[in-house]
Each structure stands twice: as structure tokens, then as C-alpha cells.
Amino acid sequence: MITPAFAQAAGASSGSDIAIQLVPFALIFVIMYFLILRPQQRRLKDHQSLMKNLRREDTIVTNGGLVGRVTKVTDDAAEVEVEIAPNVRVKIVRSMISEVRVKGAPVKAA
């Protein structure tokens, strides 16, 4: 029914077929880079610059939702002293600070 010449021609594959099959995977990787990886890297850079520029009297918000005023900052330590109520000071790890507000900035309405 099928001639031997036709069967041999159908089984042969070339290098361009493999390249065509890999194009969708490369396209997906490029899309993932621009939609996920690149914005995440930008957020990480912004957070690191916030932590570098942290100083006394800044109002901060922690990942847990605590709002406080920075009372002590040291360059070499990974901790910051924050006043969360009058005469109540706690030490917070710098990486747990999610937002730095300007002095006297009002609390955002929910």
C-alpha cells in the first residue's frame, strides 16, 4: 500500500525541525523574564536602596503591619531600633521593613 520510498522520506528529520520546536520554549522564557524576573529584580533593588537610606525619625511600616518611628540606625548592624509607642522601643531586622514613609506622612486610608 505504501511505497518504500514514501516511508523513508517521511521518517527523515532535519535540524530545522528541532529549531522550530524550540522557538515556543524560547518565546515563553522571554515573556517570563519580562513579566516576572525583571520586575522582581527591580523591586529588590528599590528595597535595598530604601534600607541604605534609612535614617532617624523616619516612619516605617514592617511586614507585620507595625508602624513606628526609627530611633537608632547603625550602618554595620542588620537591626534598627524603632519606637512603636511612647517609651516602647523594639529592635527590628532591616529586611522586615516593607515601607519607609516621609517624616510626618499621614497614614493611608484603607
Side-chain angles (χ1 to χ4, degrees):
M1 301 234 183
I2 298 175
T3 62
F6 181 70
Q8 289 175 354
S13 65
S14 65
S16 65
D17 291 340
I18 294 171
I20 290 173
Q21 291 177 356
L22 293 177
V23 168
F25 292 112
L27 185 63
I28 289 171
F29 179 74
V30 169
I31 291 171
M32 294 289 280
Y33 175 76
F34 282 107
L35 292 179
I36 295 173
L37 298 175
R38 192 162 176 239
Q40 181 66 25
Q41 290 173 347
R42 185 178 299 142
R43 261 185 255 123
L44 182 63
K45 266 187 174 176
D46 291 342
H47 187 260
Q48 287 174 347
S49 70
L50 275 177
M51 296 302 103
K52 265 188 207 173
N53 298 326
L54 192 65
R55 42 176 206 221
R56 275 185 78 206
E57 302 297 322
D58 282 346
T59 303
I60 62 164
V61 179
T62 65
N63 287 343
L66 291 175
V67 178
R69 186 175 49 91
V70 177
T71 58
K72 184 178 179 184
V73 178
T74 55
D75 293 333
D76 57 343
E79 296 176 346
V80 175
E81 190 174 284
V82 177
E83 185 176 29
I84 56 174
N87 296 325
V88 178
R89 291 186 174 139
V90 295
K91 287 186 179 179
I92 296 177
V93 178
R94 283 182 184 245
S95 62
M96 289 293 120
I97 297 173
S98 63
E99 181 181 347
V100 177
R101 295 184 179 170
V102 191
K103 291 183 195 175
V107 177
K108 295 179 184 175

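Keep in mind it's a predicted model, so treat the numbers as computed, not measured. Along the sequence shown, residues are numbered consecutively beginning with 1.
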Find the distance between CZ (Arg43) and CD (Gln48) and round it off to the nearest 0.5 Å.
-> 13.5 Å
Side-chain heavy atoms under 4.5 angstrom apart, residues restricted to Ile, Leu, Val, Met, Phe, Trp, Tyr: same cluster for Ile31 and Leu22?
-> no
Contact list for residues 65-74, test salt bridge (Lys or Arg N to Asp or Glu O under 4.0 Å), sequence neighbours left out | Glu57-Arg69, Arg69-Glu83
How far apart are the closest heavy atoms of Ser98 and Thr62, and which atoms are they?
-> OG-O, 3.5 Å
Is it true that Ile60 and Val88 fall in one hydrophobic cluster, defined by side-chain heavy atoms closer than 4.5 Å?
-> yes
Spacing of CG belonging to Asn63 relative to CD belonging to Glu99, to within rounding of 0.5 Å = 11.0 Å
Value rounded to 0.5 Å, distance of CZ in Phe29 from CZ in Phe25 | 14.0 Å
Check: Leu66 and Val90 side chains under 4.5 Å, non-hydrogen atoms | no
Are Val30 and Val23 in one and the same hydrophobic cluster, where Ile, Leu, Val, Met, Phe, Trp and Tyr link if side-chain heavy atoms are under 4.5 Å apart?
-> no
dist Asp46:CG -> Met51:CE (nearest 0.5 Å) comes out at 11.0 Å
Heavy-atom side-chain proximity of Arg94 to Val80 below 4.5 angstrom | yes
Between Val100 and Val73, is there a shared hydrophobic cluster once you connect ILVMFWY residues whose side-chain heavy atoms come closer than 4.5 Å?
-> yes
Heavy-atom closest pair (Thr71 atom, Arg89 atom, distance to 0.1 Å) is CG2-NE, 3.7 Å
Across all chains, not counting sequence neighbours, the salt bridge (charged side-chain N to carboxylate O under 4.0 Å, His left out) partners of Arg38 are none
Going only through I, L, V, M, F, W and Y residues with side-chain contacts under 4.5 Å, is there a path from Val93 to Val61?
-> no
Report yes if the side chains of Leu50 and Ile97 come closer than 4.5 Å at any heavy-atom pair, otherwise no.
-> no
Could you tell me which residues satisfy salt bridge (charged side-chain N to carboxylate O under 4.0 Å, His left out) with Glu79, sequence neighbours excluded, listed by chain and number?
-> none
